Amino acid sequence: MILVSANGLGRQYSGDPIFQDLKFEVRAGERIGLVGPNGAGKTTLMRLIARADQADYGSLYVRPGIRVSLLRQHPEFGPDETLMSVARSGLASLLDIQEEMEEAAKEMAEAEDDHERDRASRRYDELRDRLEHQDAYSVDHRVEEILGGLGFPTADFHRPARTFSGGQQSRMMLAKLLLESPDLMLLDEPSNHLDIETTAWLENYLARQSVGMIVVSHDRYFLDKVVTRIWELFEGKIDVYPGNYTQYWKLRTEKAKVLQRQFEKQQDYIAEQEAYIRRYGAGQRAKQAHDREKKLARVERVETMREIVGPPMGFGEVERSGDIVVEARKLTKAFDKPLFKEFNFSLLRGQCVGVLGPNGAGKSTLIKTLIGKLAPDSGEVKLGHKVLVGYHDQGLESLPPETTVLRAVWPEDDPDWVQGDVRDLLARFGLSGDLALRDVGQLSGGEKGKAALARLSATSANLLVMDEPTNHLDIWACDALERSILPHSVECSNYRTVGASRE
């Protein structure tokens with residue numbers, strides 16, 4: 001059964017098309033991984049399918065009666081909403097069916113003739129079947145299973161939703177969507193803000209579901225576990241591949257090689273025909289040359305595979321620090337509960353340390369305390385000789401949304417930088433042209449991530465501290481960031497809740 005189909009679908013902003021002439025189908029039960037570089041229009045396409053945005057041209061068909069749900073990234077909660085009430089709001093459709101079934105039962109009891117009683121009975125049976133199909137009689141168990149699987153302890157179930165961190169609120173909205181169990185789930189970066197254990201739980205949960213899904217993710221391993229088909233959105237077109245991410249990349253690589261061989265063979269043929277035409281175009285063989293020219297004009301030219309290349313990125317040369325970069329002694333920090341106690345740590349020049357742990361363990365608090373952004377409850381931290389800290393926060397709060405990208409990245413109080421230098425830096429991180437003049441608030445999540453990394457590079461820091469730096473980056477940008485970090489001797493404290501354990 002086709003849930004969604006599109007023909008000639010296009011969307012543009014400020015006159016520039018993001019994509020155009022898209023044609024696709026989504027069938028019931030398909031789990032589709034939507035991949036492509038940042039700015040290709042993945043989130044825009046998801047919003048079109050969810051009817052949260054409108055196409056500029058083309059047609060989009062959504063099967064009448066089906067439920068389509070898009071994972072919200074920036075929720076707002078009322079003062080009385082709790083974690084449990086937000087999660088249970090995903091069951092609103094089931095509660096509506098239960099009310100309808102109660103009305104049908106009442107109509108059966110009050111029916112004055114057999115015809116009305118039979119009609120109410122058929123309606124009651126249909127509603128009961130729908131509830132059984134959606135496992136509505138184990139609602140409380142489902143809520144607890146999903147909240148627990150996403151890392152929420154039972155003690156937090158009735159905590160006000162507003163008091164949770166941004167990452168926890170994103171997980172809250174994911175719980176709501178999973179409980180909705182729509183006919184088509186639209187999951188935009190669902191594994192962001194999840195720790196390793198929670199990501200594994202989500203992979204297994206989604207792989208068991210029979211509903212349709214479109215998943216945007218930069219995590220190749222997540223896509224391998226979950227999806228059964230890949231859509232590649234690039235340069236305004238969609239190419240479809242069967243299987244998971246690994247199979248997609250293998251098929252794409254093989255296709256690229258075949259097209260390259262066909263292209264080279266065709267170029268040899270074209271060169272041979274053109275040489276013949278030039279040589280005999282005005283002589284005795286002019287007729288044959290003219291025939292060949294007409295045949296050559298009808299040849300359908302082979303196009304090579306469109307190569308997706310991540311930005312070069314890169315961090316420049318920095319001033320050498322002392323041998324000991326960070327030293328912590330008996331470091332202790334607690335908020336509502338103890339996070340770490342009498343923690344001892346030394347980071348030496350050239351070392352790269354990953355910080356792993358479940359959500360709520362205090363990873364962000366630890367690295368902020370180590371670099372002086374938070375004061376410890378007890379103990380002390382010392383930075384080494386000539387250590388300059390560059391900090392990438394996962395909330396990207398270092399980038400004011402109302403400021404242009406150019407100004408947000410420009411190093412403060414550094415007279416050596418000029419506009420051309422900043423533009424070159426932004427281009428190195430994949431932000432060129434008019435993007436540099438946009439306000440930060442107008443950028444996509446991936447573009448903001450690249451801007452934050454460009455700003456980090458501009459600091460010339462010799463200690464890089466990165467809190468979830470791959471959030472919202474596309475797969476190719478993640479590869480570029482890895483290559484940028486690995487060959488350098490700058491010290492880095494870098495944790496990636498998913499990636500650090502898998503790459």
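None of these values were measured; they are calculated from a predicted model. Just the heavy atoms: all of them, side chains too, but no hydrogens, waters or symmetry mates, feed the values below.
Here the closest non-hydrogen pair linking F222 and V215 is CE2-CG1, 3.9 Å. The two residues Q12 and P17 make their nearest non-hydrogen contact at CB-CA, 3.5 Å.
Sequence neighbours left out, the pairs with a member in residues 157-176 that pass salt bridge (Lys or Arg N to Asp or Glu O under 4.0 Å) are D156-R159. Listed by first then second residue, pairs satisfying salt bridge (Lys or Arg N to Asp or Glu O under 4.0 Å) with a partner in residues 320-330 read D323-R349, E327-R329, not counting sequence neighbours. Note on residues 438-448: no pairs pass salt bridge (Lys or Arg N to Asp or Glu O under 4.0 Å), not counting sequence neighbours. Residue pairs meeting the salt bridge (Lys or Arg N to Asp or Glu O under 4.0 Å) criterion with at least one partner in residues 239-249, sequence neighbours excluded, are D239-R306. Residue pairs meeting the side-chain hydrogen bond (donor to acceptor under 3.5 Å, both in side chains) criterion with at least one partner in residues 44-55, sequence neighbours excluded, are R11-D53, Y13-D53.
Enclosure of atom CD in E197 is not indicated, since only 12 or fewer non-hydrogen atoms of other residues, nucleotides or ligands lie within 6.0 angstrom. Atom CD of E254 has more than 12 neighbouring heavy atoms from other residues, nucleotides or ligands inside a 6.0 Å radius. Annotation for E235: atom CD counts as buried by contact number, over 12 foreign heavy atoms lying within 6.0 Å.
Residues satisfying the ring pair (Phe, Tyr, Trp, His ring centres under 6.0 Å) test with F340, not counting sequence neighbours, are none. With sequence neighbours left out, D224 forms a salt bridge (Lys or Arg N to Asp or Glu O under 4.0 Å) with no residue at all. Partners of R208 under the salt bridge (Lys or Arg N to Asp or Glu O under 4.0 Å) rule, at least two apart in sequence or in another chain, are E145. By the side-chain hydrogen bond (donor to acceptor under 3.5 Å, both in side chains) test, T332 pairs with S378, sequence neighbours left out. Scanning for salt bridge (Lys or Arg N to Asp or Glu O under 4.0 Å) contacts around K386 gives E319, with sequence neighbours left out. With sequence neighbours excluded, the residues that form a side-chain hydrogen bond (donor to acceptor under 3.5 Å, both in side chains) with S85 are T82.
Side-chain atoms of Q260 and T304 form no donor-acceptor pair, as typed in the model, at a separation below 3.5 Å. For the residue pair H218/E189, the side-chain donor-acceptor check at 3.5 Å is satisfied. Counted by atom type alone, E232 and Y248 present one or more donor-acceptor pairs between their side chains at under 3.5 Å.
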What donor-acceptor contacts under 3.5 angstrom involve side-chain atoms of residues 420-432, with partners at least two apart or in another chain?
{"from": "D421", "atom 1": "OD2", "to": "V418", "atom 2": "N", "distance (Å)": "3.3"}
{"from": "R423", "atom 1": "NH1", "to": "G433", "atom 2": "O", "distance (Å)": "3.3"}
{"from": "R428", "atom 1": "NE", "to": "M313", "atom 2": "O", "distance (Å)": "3.0"}
{"from": "R428", "atom 1": "NH2", "to": "G314", "atom 2": "O", "distance (Å)": "3.1"}
{"from": "R428", "atom 1": "NH2", "to": "S457", "atom 2": "OG", "distance (Å)": "3.1"}

